[in-house]
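Keep in mind that what you see is a predicted model, and the values were worked out from it rather than measured.
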Amino acid sequence: MFRGARRGAALAAAAVLPLTAGPAAAPAVAQQSAIPAPAAVVQQVIWLTDRRAALWINSPAMGAPVQVQLLLARDWNTHPEARFPVMYLLDGLRATDDESGWTKQAGAPDFFADKNVTVVLPVGGESSFYSDWQQPDNGHNYKWETFLTKELPPLLEGQWRATDVRGVEGISMGGTAAMFLAGRNPGWVRFASSYSGYLTTTTLGMPQAITFAMRDAGGYDSNLMWGPPTDDEWAAHDPYNLADKLKGTSLYVSAGSGTTGNYDSPSDIPLVSTNYTGMGLEILSRLTSQNFIAKLGQLQIPVTVEYRESGTHSWPYWDFEMRQSWPQAAAALGVPDDRPDCGVGGDIAAVAQSTGWLGDCVTGEYPVTGGVAQDFHGGRVVWSPITGAHPVGGMIGGIYEGTVGPGGPLGLPTGEEVALPDGVGRMQAFRGGTVYWSPRTGAQAVRGAILEAWGREGYERGPAGYPTGPEARTPTRDGVVQGFENGPIFFSEKSGAHRVQGLVLGKYAQLSFEGGPLGFPVAGEEPLKDAGRFSRFEGGNIYWSPLSGAWAVRNGPIMEAWGQQGFENGRLGYPISDEFPVPGGTQQNFQTGFILVHDGKAEVHGV
């Protein structure tokens, strides 16, 4: 089964400008209202599994879309009215643009599957330190602090059932950021943890070490981040200097010693692993963490400290710390640190026992439209007395969740996920349609008349190929359209469902699709002489041949006159232009002549 997923200055509040003051005895003078900062907007959502979604969010501060992945809280389905605390997981210096290290190199999805928090995974931000940079670099206008602390929270609370109770965990660069973001933004989080972070950034040699590391990880210039090391911005982002601002925040700090640990491969030198770079980085983290902890001690600020006797700067240790720190994080966020008992019985138990990828249950049974369901680490099982019990997971499960599951247009599953005859894709049937998946196109639901039209062409083995996107409403007329690898299928109640492809599709696009003069397609593409093709639409046809190209002939006098000549088989041949206005009428050119319309009457002119 295909189961997981692959895959200028900071914004400030506008000033409130007082109007010119009047005499002392005059009434209070009104003030000009502040202009609210533009809000972040979700541009796209892709459901990667039934509990994992990738959001592309337009950040006004960064001026670009930012990907954020969410691991939804355990009770997301069982309590659809509930809201959940949030845990941010910040990546390291070499963060990639496709996926967070917490899901790529650590076990965050499985670990948090039975935890009642929504995990927020910012994607990207290589060498950014999750801060607001003074200047752009490498094509990035980094404004991560504004995005994470100002733009993202209201969006999560308004659209993704989040509360204002938050925590943050970070590794390496992300550990540094977790502490200074918490210090610089009081009240943003209740829990902050650093795993192998650099918790003093201005002590002797640290600016130079950070500068070197950023240059090595992507070629970034630290001077564009916080200015030269003498700039006050370095001190303003130093966790050590911000320690007093962390009073009242539940804190957790860990670092290894740099020597060979359980997850390292030893070298020929005693206590030294083959991860030489990771050894040096962890020693540096340990030293800066010790200085930071000492400062907290002076301020009498409580902190949990885990200095491991061994271990280098690498993901297995951070995965371990994520798990070890969870009881403290759970207490700070006000959620249980363990999952409730969730017995499995009946038909659902039989499916769970025979489906290895589901793993352990994370919830008990809960009602859904037409039946009951139960969530597991790897997906869920949906049962009804009519359809029986069937597992749903992976990206197919994501599409199912994104379309509201049993209560949405797909309805209840009627079978299990199966491989397709091409040996590449997979599909799962539901009462209201079918979800298809391939590595090229991801998972997409196909239903109704579009599914029937696609089926007549041979489904994924036919000329259309796999679906490439969800069904969507057509913007200008009442209908829907769905993309496929080799052309979309359009549907309206009047015209039915038909596919448009190739150069005919290109001409259709030039004429504004269904919103233009042609309207919806009323038939599929058909062959003509000399290797030509044509497609019929409500308002006319599009004709194509290798010599003439693709052109539309609209219903009306020109189409009638051309038809009287035998269409493309007559003396005029194929069209070589669309119709266009001329003084007193319209004209359309053909291979061996043209048709001119004056006062509704067509004149045929040969050459």
Checklist entry - So does Glu99 pair up with Arg52, basic N to acidic O under 4.0 Å? => result yes
Checklist entry - Tell me, do Ser172 and His313 make a side-chain contact under 4.5 Å, heavy atoms counted? => result yes
Next on the checklist: Using the rule side chain to side chain contact (heavy atoms under 4.5 Å, CB included), only one of Leu284, Leu93, Thr203 pairs with Tyr198; which is it?
Outcome noted: Leu284
Under 3.5 Å donor-acceptor pairs involving side-chain atoms of residues 213-221, not counting sequence neighbours:
| unit_1 | atom_1 | unit_2 | atom_2 | d |
| --- | --- | --- | --- | --- |
| Asp216 | OD2 | Arg94 | NH2 | 2.4 |
| Tyr220 | OH | Tyr142 | OH | 3.4 |
| Asp221 | OD1 | Asn223 | N | 2.9 |
| Asp221 | OD1 | Asn223 | ND2 | 3.4 |

Checklist entry - Any idea which heavy atoms bring Ala162 and Arg83 closest together, and the distance? => result O-NH2, 3.1 Å
Next on the checklist: Test: salt bridge (Lys or Arg N to Asp or Glu O under 4.0 Å). Region: residues 178-194. Which pairs qualify, not counting sequence neighbours?
Outcome noted: Glu145-Arg184
Next on the checklist: Less than 3.5 Å apart, any donor N or O on the side chain of Ser59 or Glu151 sitting next to an acceptor on the other?
Outcome noted: yes
Checklist entry - So is Lys115 actually on top of Phe111's ring, under 6.0 Å and inside 45° of the axis? => result yes
Item to check | Note, Leu281 side chain near Thr277 side chain (heavy atom, < 4.5 Å) | outcome: yes
Item to check | Phe513/Tyr508 aromatic ring centres below 6.0 Å | outcome: yes
Checklist entry - Is there side-chain contact between Gln501 and Phe484, with at least one heavy-atom pair below 4.5 Å? => result no
Item to check | All pairs passing side-chain hydrogen bond (donor to acceptor under 3.5 Å, both in side chains) where residues 153-164 contributes a residue, at least two apart | outcome: Glu157-Arg166
Checklist entry - Is the closest basic N to carboxylate O distance between Lys104 and Asp98 below 4.0 Å? => result yes
Next on the checklist: Could you walk me through whether Phe180 and Thr176 satisfy the side-chain contact (heavy atoms from CB on, under 4.5 Å) test, starting with their C-alpha distance in whole Å, then the side-chain angles of each, then the deciding distance to 0.1 Å, before giving a yes or no?
Outcome noted: CA-CA 6 Å; Phe180 75 62; Thr176 309; 4.1 Å; yes
Checklist entry - Do Tyr436 and Gln444 come close enough that some side-chain heavy atom pair is under 4.5 Å? => result no
Checklist outcome for this item: Tyr88 and Val86 have their tightest heavy-atom pair at CE1-CG1, 3.6 Å
